[in-house]
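The structure under discussion appears below in the form of structure tokens.
Order of the sequence lines fixes the chain letters, A, B, ..., with proteins taken first and strands second; residue numbering starts at 1 for each chain. Quick caveat, the model's predicted, so the values are computed rather than measured.
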2 protein chains.
Amino acid sequence: MATIYEVSELAGVSLATVSRVLNNSDRVKETTRVKVQDAMAALDYRPNSMAQSLASKRTNSIGILVPELHGPFFGTMLSGIEAELRNAGKHAIITVGHSDREKELDGIEFLISRNVDALILHVDAVSDEYLHKLSDNGTPVVLINRRVAALADSCISLNNQQGGYLATRAVLDQGHRQVAYISGPLWKNDAAERLLGHQQALADKGLAFDSALTREGDFQETGGKEAMRQLLASGLAFTAVVCGNDEMAAAAMEVAGKSGLLIPEQLSIIGFDNINFCRYLHPKLSTIEYPIDAMGQMAARWVLRHVYKNNKLLIQNIFEPRLYHRASITPPAA
Amino acid sequence: MATIYEVSELAGVSLATVSRVLNNSDRVKETTRVKVQDAMAALDYRPNSMAQSLASKRTNSIGILVPELHGPFFGTMLSGIEAELRNAGKHAIITVGHSDREKELDGIEFLISRNVDALILHVDAVSDEYLHKLSDNGTPVVLINRRVAALADSCISLNNQQGGYLATRAVLDQGHRQVAYISGPLWKNDAAERLLGHQQALADKGLAFDSALTREGDFQETGGKEAMRQLLASGLAFTAVVCGNDEMAAAAMEVAGKSGLLIPEQLSIIGFDNINFCRYLHPKLSTIEYPIDAMGQMAARWVLRHVYKNNKLLIQNIFEPRLYHRASITPPAA
DNA sequence: TTGAAAGCGATACCAT
DNA sequence: ATGGTATCGCTTTCAA
């Protein structure tokens with residue numbers, strides 16, 4: 001493989017000049033630029049990215065940490081990130097954190113050892129202080145779906161509380177007054193905020209929040225099932241269930257159906273996230289859209305702007321959720 | 001950040017010796033090894049991966065190309081790859097090809113420009129010749145879900161034909177004799193092979209293959225819907241539909257349901273892949289399992305063995321599919 | 001506008 | 001077992 005040296009020789013210029021046309025930055029006389037480019041083409045020259053990185057202290061790589069890779073949610077987020085980065089000639093190095101503190105730390109450590117130029121993190125378990133320190137240590141950090149006050153400018157998040165509000169509001173507006181809630185793990189910010197929105201929606205209608213009608217799940221199938229079973233077993237009356245995410249909603253739907261309840265005739269259900277399979281469920285699941293692809297793209301854009309100095313890009317830190325009304329909600333039986 | 005030079009100074013040894021303990025390869029006296037390690041710890045030394053790469057011609061990174069990042073299938077595959085690679089201290093650089101020839105070439109080009117040590121490709125559109133040439137040019141290549149005869153040793157694939165056979169066999173065994181088939185795009189190998197399996201299963205039961213009962217879809221929702229509509233509109237009689245993948249099966253189920261057909265009582269359906277949402281469908285979708293996580297892991301293992309010389313690892317090139325019998329299949333009405 | 005030369009931080013070959 | 005040193009391919013002052 002040809003090196004910059006051979007190019008400079010063939011073009012009859014110095015190393016430095018070749019480097020300049022390579023980084024099409026500095027002023028280079030047009031004729032010499034052409035000479036150099038011809039030489040490059042003739043030699044089928046490709047810059048060696050490792051040498052570039054070593055000399056420039058830039059790897060053009062961005063470290064990504066997500067909780068999981070399977071499942072519909074993070075794939076969509078990565079899609080948004082990858083497209084934006086690659087379009088700019090950068091690339092993503094992806095690691096998985098499993099919502100576990102040790103593994104998240106390990107993943108971040110790994111990425112830093114790879115000399116990434118920046119980090120895009122969707123973390124659950126590490127502390128705010130740690131993130132703060134990380135950022136102070138010189139690695140630019142963008143956080144998705146997490147707000148750390150001291151790092152507000154580099155947080156890309158959904159207005160989860162508003163989402164929770166919209167979800168509960170959707171069933172209240174249909175006339176429901178006895179509304180159960182299956183939350184995500186409340187130590188996770190987003191789960192707690194969604195619950196807050198739920199409570200606020202109830203309050204706005206002058207309804208009391210009843211913790212007996214609330215169960216804490218795990219954002220996954222098993223937790224959704226268990227929570228629904230408990231609610232049914234409690235003997236309490238409710239005509240609608242608001243769920244912290246779609247997976248739990250799907251699970252709840254299944255359990256309710258098996259218990260002989262007709263959905264939505266006897267029980268309305270709404271989820272959160274609008275992941276792909278909502279449309280396939282029977283009945284189709286109402287939900288709150290989480291524009292995770294756009295948010296991933298925005299995180300990438302943040303990096304392009306703040307790390308690679310593309311100042312044309314505008315950053316939006318907070319995204320607004322939106323209701324998708326589908327068949328799983330109807331007015332309560334009279 | 002401390003360099004290898006400072007470590008050597010503090011430990012009172014040469015650069016070369018530090019490098020040796022770093023790559024804990026060569027024989028180094030135990031006492032000096034300890035001295036060096038102490039110095040490293042004292043300085044909080046981290047090797048610079050770029051410098052290592054430049055000098056060793058190894059980036060410890062593996063390029064991955066997948067058709068899509070959203071959706072349940074490739075996320076699972078990447079999960080298998082990432083876990084195996086990171087466990088070995090390597091990392092994945094992921095790009096997307098969109099099953100489009102130009103984009104696939106572009107992605108591969110991008111990865112090569114990043115000096116990846118190897119490529120793991122799930123490609124649809126590029127030619128066998130191209131892949132062959134790519135491999136000849138010195139970049140080790142592993143292919144997932146594609147068999148190129150000349151590269152047989154580096155292909156990790158599912159026995160798609162057997163899968164197609166099992167799927168059709170499953171409905172035939174229930175007594176169905178009029179079986180429709182919705183295939184994936186037949187220019188894709190896997191789609192064609194699955195169809196072959198279908199035909200073979202029919203032949204084994206002494207049934208004639210009827211191309212009028214076969215429609216070519218696109219492995220996606222829209223294609224599945226359209227194909228099902230056409231089948232219903234054709235007026236031909238059939239009591240079961242075998243689909244090339246789960247997404248089309250879900251779509252077909254929906255269309256059939258809307259047309260007033262009861263599933264499975266009036267129409268049995270089976271899919272392929274066993275992606276996550278099969279369990280959530282109503283009725284639960286029977287399908288053929290595609291062990292894509294294990295296959296991703298195996299591809300990573302191939303790289304560890306052939307590129308990084310970990311000869312302890314064993315390679316399995318062909319994976320066998322397996323039937324998941326769920327509620328969407330019953331014997332035909334009498 | 002262009003060139004010369006000093007790194008960047010490791011690896012690996014050749015000695016000793 | 002350890003050290004000396006050339007080398008990897010490029011970026012980036014500093015001069016001219």
Open item on the list: Salt bridge or not between A:D128 and A:R146? Use side-chain N to carboxylate O under 4.0 Å.
Closed with: yes
Open item on the list: Can you identify which nucleotide, out of D:dC8, D:dC10, D:dG4, has its nearest atom closest to the B:S14 side chain?
Closed with: D:dG4
Open item on the list: Can you confirm if the NZ or CZ of B:K90 lies within 45° of the ring axis of B:Y308 and under 6.0 Å from the centre of its six-membered ring?
Closed with: yes
Task: Rounded distance in Å - CD (B:E9) to P (C:dG9) - done: 15 Å
- [ ] For the side chain of A:S19, starting at C-beta, report the closest nucleotide among C:dA10, D:dT11, C:dC13.
- [x] D:dT11
Open item on the list: Quick check on the 6.0 Å ring-centre criterion: do A:Y290 and A:F73 meet it?
Closed with: yes
Task: Interatomic distance, A:Y5 OH vs C:dG3 P [rounded to whole Å] - done: 13 Å
Open item on the list: If you assign each of B:S56 and B:G12 to its closest nucleotide in DNA chain D, which residue comes earlier from the 5' end?
Closed with: B:G12
Task: Residue A:T17, side-chain atoms from C-beta onward, closest of C:dA10, C:dT2, C:dT11 - done: C:dT2
Open item on the list: From the set C:dG9, C:dT1, D:dG9, return the single nucleotide nearest to any side-chain atom of A:N48.
Closed with: D:dG9
Task: Shortest side-chain distance from A:L15, nucleotide among D:dC10, C:dG9, D:dT2 - done: D:dC10
- [ ] Write down the distance between CG (B:N115) and C1' (D:dC8), rounded to a whole number of angstrom.
- [x] 12 Å
TODO: To the nearest 0.5 angstrom, please state how far the SG atom of A:C155 sits from the CG atom of A:N317.
DONE: 7.5 Å
Task: Selection from C:dT11, C:dG3, D:dC10 that lies nearest to any side-chain heavy atom of A:A51 - done: D:dC10
Task: From CA spacing to verdict: salt bridge (Lys or Arg N to Asp or Glu O under 4.0 Å), A:E104, A:R101 - done: CA-CA 5 Å; A:E104 288 184 354; A:R101 187 165 165 282; over 6 Å; no
- [ ] Look at B:K57 and D:dG9 and indicate whether a side-chain polar atom (N or O) is within less than 4.0 Å of OP1 or OP2.
- [x] yes
Task: d(CG, A:N60; P, D:dT11) in whole Å - done: 10 Å
TODO: Check every atom of D:dG3, D:dG9, C:dA10 against the side chain of B:L22 and return the nucleotide holding the closest atom.
DONE: C:dA10
Open item on the list: Of the options D:dG9, C:dT2, D:dT2, whose atoms approach the side-chain atoms of B:V28 most closely?
Closed with: D:dT2
Open item on the list: Any donor-acceptor pair, under 3.5 Å, between the side chain of B:R46 and the base of C:dG9, if you only look at N and O atoms?
Closed with: no
Task: Distance in angstrom units between A:L43 CG and D:dG9 C1', rounded - done: 15 Å
Task: Length of the line joining B:L54:CG and C:dG9:P, which is rounded to integer Å - done: 12 Å
Task: Proximal nucleotide (of C:dT2, C:dA10, C:dA12) relative to the A:T32 side chain - done: C:dT2
- [ ] With heavy atoms under 4.0 Å as the rule, sort B:V18 into base, sugar-phosphate or nothing.
- [x] nothing
Task: Atom-to-atom span, NZ of A:K29 to P of C:dT2 - whole angstrom - done: 5 Å
Open item on the list: By nearest atom, which of the nucleotides D:dG9, C:dC14, C:dT11 is closest to the B:Q52 side chain?
Closed with: C:dT11
Task: Whole angstrom value for the distance that separates C1' of D:dG9 from CD of A:E6 - done: 11 Å
Task: B:R86 side chain to B:H91 side chain, donor-acceptor N/O pair below 3.5 angstrom - done: no
